[in-house]
Structures are given as structure tokens and as C-alpha cells.
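Shown next, in C-alpha cells, is the structure this report addresses.
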Amino acid sequence: MSTDPAPALPLPVVVECQRQGGIAFPLRRPTVSVEVAGLDEAERQALSRLLQAADMADQPPAFPGPGHPDALETQLTVAWPDHSATVRFRDGDGHPAPLDELAGWVLRHKR
């Protein structure tokens, strides 16, 4: 049994997040983009760990769960030089927690 850590994923060029929705106060926030080239080494390592946990390649394009009527929808996109992965999810639809963690990380990097 190997104890070697999983190989690190190649870092993307850009990670984007947009939130929208709600009934009581509908909103569409601007897309927040993080250019990976502008990150320091600690931020790159944090992003690498979040990407590994989120496993974007194995996520469906959208989660079909009902969520709730006033739920916010999040669109998360990770773009590499030769491909990208996008997933949409809503509050309360049963999506994996690492997607929220990655989206939160992107939103905290709004400049």
C-alpha cells in the first residue's frame, strides 16, 4: 500500500466564480476571476489543494437537486490552456462541500 500523496493537478490559467439568484432580492453579481499567474506560492498551493478536493473533472455540469426557492446559484469555471471545466450548483442541492470551498476561495480574491 502506497503512502505517496496524490500527484498535484496542473494549475489552471484562471479560476472564475459567479453567484446569482434569489427571490426576495434577486441578484447577479459580476464574475470574479483569479489569474493564477498573479498568485504567490502560498496561494498557488492553497488553490492546488482546493482543486484536488473539488475534482472538477468528475463533477456534472450542473447539480439537479431542488435547492430551495431563494437559493443562490454558483457557476464555477476552471480554465487550463487547452480545456476548461464548469459546474453550476445551488445552495441546498446536495453538491460536494469542496465546490463551496473553491468558490469561496475565488470570491475572497476579488480585487
Measuring from atom [atom1] of [X] to atom [atom2] of [Y], what distance do you get when rounded to the nearest 0.5 angstrom?
| X | Y | atom1 | atom2 | answer |
| --- | --- | --- | --- | --- |
| Asp93 | Thr74 | CG | OG1 | 9.0 Å |
| Met56 | Leu102 | CE | CG | 6.5 Å |
| Gln45 | Leu39 | CD | CG | 11.5 Å |

Grab the two heavy atoms, one from [X] and one from [Y], that are nearest each other, plus how far apart they are.
| X | Y | answer |
| --- | --- | --- |
| Ser84 | Ala79 | CB-CA, 3.8 Å |
| Ala46 | Trp105 | CB-NE1, 4.1 Å |
| Pro96 | Gln59 | CG-OE1, 3.8 Å |

| Stepwise side chain to side chain contact (heavy atoms under 4.5 Å, CB included) check, Cys17 with Thr31 | CA-CA 6 Å; Cys17 184; Thr31 300; over 6 Å; no
| task | I would like to know whether Gln52 and Arg49 meet side chain to side chain contact (heavy atoms under 4.5 Å, CB included); could you show each step before the answer? | result | CA-CA 5 Å; Gln52 191 82 27; Arg49 285 189 300 275; 5.7 Å; no
| query | Between Val13, Val15, Val14, which is the residue that forms a side-chain contact (heavy atoms from CB on, under 4.5 Å) with Val78? | reply | Val15
| message | Would you say that Arg44 contacts Leu11 through its side chain, given a criterion of any heavy-atom pair below 4.5 Å between the two side chains? | response |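 Counting from C-beta outward, Arg44 and Leu11 do come under 4.5 Å.
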| request: Could you verify whether a donor N or O on one side chain and an acceptor N or O on the other, from Ser33 and Glu16, lie under 3.5 Å apart? | output: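 Judged by distance alone, the side chains do pair up.
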| query | Can a donor-acceptor pair be found between the side chains of Glu43 and His109 at a distance below 3.5 Å? | reply | yes
| task | Just say parallel, tilted or perpendicular for the rings of Phe63 and Phe89, cut-offs at 30° and 60°. | result |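 Perpendicular: the ring planes of Phe63 and Phe89 meet at over 60°.
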| task | Could you walk me through whether Leu107 and Arg19 pass side chain to side chain contact (heavy atoms under 4.5 Å, CB included), step by step? | result | CA-CA 9 Å; Leu107 294 173; Arg19 302 229 32 202; 3.8 Å; yes
| field | Basic-acidic side-chain contact under 4.0 Å: Glu73, Arg88 | value |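 Looking at Glu73 and Arg88, the cut-off is met.
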| So Val87 and Leu99, side chain to side chain contact (heavy atoms under 4.5 Å, CB included) or not? Walk me through it. | CA-CA 9 Å; Val87 63; Leu99 292 176; 4.1 Å; yes
| Asp55 backbone acceptor or donor facing Asp58 side chain under 3.5 Å |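 No; judged by distance alone, with no hydrogens or angles, the pair does not exist.
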